[in-house]
Number of protein chains: 2
Amino acid sequence: MDKNALFNKLVSFTTSVHRVTNELTKNAKPDLISQVQYNILEQIAVSQPVTPSEINDCQNMSMPNTSRELNKLNEKNLIIKINDSQDRRKQYIRLSQEGEAIMNKAFATIESHFLERIQGASEEDLKEMEQSIDILQTKLFYPNE
Amino acid sequence: MDKNALFNKLVSFTTSVHRVTNELTKNAKPDLISQVQYNILEQIAVSQPVTPSEINDCQNMSMPNTSRELNKLNEKNLIIKINDSQDRRKQYIRLSQEGEAIMNKAFATIESHFLERIQGASEEDLKEMEQSIDILQTKLFYPNE
DNA sequence: AGATTTAGTTATCAAATGATAATTAAGAGG
DNA sequence: CCTCTTAATTATCATTTGATAACTAAATCT
């Protein structure tokens, strides 16, 4: 199979995913946090608990900056830091109750945009989408190691 | 079908796409441009010609900021601006030769990371991925209007 | 025990970004 | 012709971000 053609498809696909994600998340981000902070909260929400190191890997940031942003989120009472009892250098980050509330609200907004978007889809379409997501997630967008 | 479950899948899927995209594009961005500028160049590369308005819609920026960033890219000779002959308020943005060269190099880097990632995939897998991308792109990540 | 690595913090500074207001110029509609 | 809207620009300022250096503390290695 032509891997080059597949790559070109992937490029325009990821561009589409980014664009649509932007559209879906429009107005979902609360004003009191920055885009970077929102991205971090989203990562925490999806895969909590999470360590600061994991955050800076996924978000492509440096430790000092991750630390700073986590402090800001902590000051805003949106996250909590838990010390690892085994390895006392490590921390685990979770959403606080307030953080959960904020993210639930954001996800609800995103979901309503999503529902509008798939409004016209048939049962058949939905099934196909679900299977396609599963395939791509396991075969292409799997975690690195 | 449970649209709510599909939505949850979509959330973790888009998170994965973002994370993997980050990994693939690591080291691909030339140092002389910022992340935002790179995103803009990528959009131009994928769907040129493009108007400044389209850019600020897709990138979720404001017109003044889009204009500023395009000026910076123009000063760096990475893009060219072409006036619409019909509607003289409009512009079309394209990559300059230098811009094309830079983006080709970036895409080559990304492609090599991509090839590493799908190294273990069988013919069958590749075909499935391609079909899945097609399905999602037409049924879910289609352009808005 | 001493050296090295790992996880995270603090401080600092330049640069990039976001947001807003004011402006120009060209279309579009009445 | 006049008003309204659209496309884009310029200028400005506060904030956010990125990058780097120096540091603490705990774990691991030898």
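For clarity, every value in this text was computed on a predicted model and none was experimentally measured. Below, read A as the first sequence line, B as the second, and so on, with proteins coming before strands; counting in each chain starts at 1. FYI, side chains are in, hydrogens and waters are out, and symmetry mates aren't considered; it's all heavy atoms of this structure.
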Do the side chains of [Y] and [X] get nearer than 4.5 Å, heavy atoms only?
| X | Y | answer |
| --- | --- | --- |
| A:Q48 | A:Y92 | no |
| A:N22 | B:C58 | no |
| B:Q43 | B:S47 | yes |

same_hphob_cluster(A:L10, B:L115) at 4.5 Å side-chain heavy-atom cutoff: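 Result: yes, single cluster for both.
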
Side-chain heavy atoms under 4.5 angstrom apart, residues restricted to Ile, Leu, Val, Met, Phe, Trp, Tyr: same cluster for A:V46 and A:L136? yes

Hey, can you pull the residues of residues 28-36 of chain B with a non-hydrogen atom under 4.0 angstrom from DNA chain D? none

In B/S/- notation (B base, S sugar-phosphate only, - none; protein heavy atoms under 4.0 Å), nucleotides 6-13 of chain C written 5' to 3' is BSBBBB--

Do the charged groups of B:K72 and B:E75 touch, with an N to O distance under 4.0 Å?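 Judged by the 4.0 Å cut-off on N to carboxylate O distance, B:K72 and B:E75 do not form a salt bridge.
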
Quick check: closest heavy atoms across A:Y38 and A:T25, and the distance to 0.1 Å? OH-CG2, 4.5 Å

Supply the atom-to-atom distance B:K90 NZ to B:T51 OG1, rounded to the nearest 0.5 angstrom.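 Reported value, rounded in 0.5 Å steps: 7.0 Å.
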
Difference in axis direction between the ends of the helix from C:dA1-D:dT30 to C:dG30-D:dC1, five pairs, 10°: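 If I round to tens, the end axes sit 40° apart.
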
[X] has an atom [atom1]; how far is it from atom [atom2] of [N], in whole Å?
| X | N | atom1 | atom2 | answer |
| --- | --- | --- | --- | --- |
| B:N60 | C:dT17 | CG | C1' | 14 Å |
| B:I82 | D:dA7 | CD1 | P | 18 Å |
| A:Q37 | D:dT15 | CD | P | 14 Å |
| B:K72 | C:dA15 | NZ | P | 11 Å |

Which is true for B:Q86 with a 4.0 Å heavy-atom rule: it touches a base, it touches only sugar-phosphate, or it touches nothing? sugar-phosphate

How about NZ on B:K81, more than 12 heavy atoms from neighbouring residues, nucleotides or ligands closer than 6.0 Å, or not? yes

Is NZ or CZ of B:R117 both nearer than 6.0 Å to the six-membered ring centre of A:F141 and within 45° of the ring axis? no

Salt bridge (Lys or Arg N to Asp or Glu O under 4.0 Å) for A:D134 and B:K9? Distances and angles first, verdict last. CA-CA 8 Å; A:D134 285 340; B:K9 263 192 186 177; 2.9 Å; yes

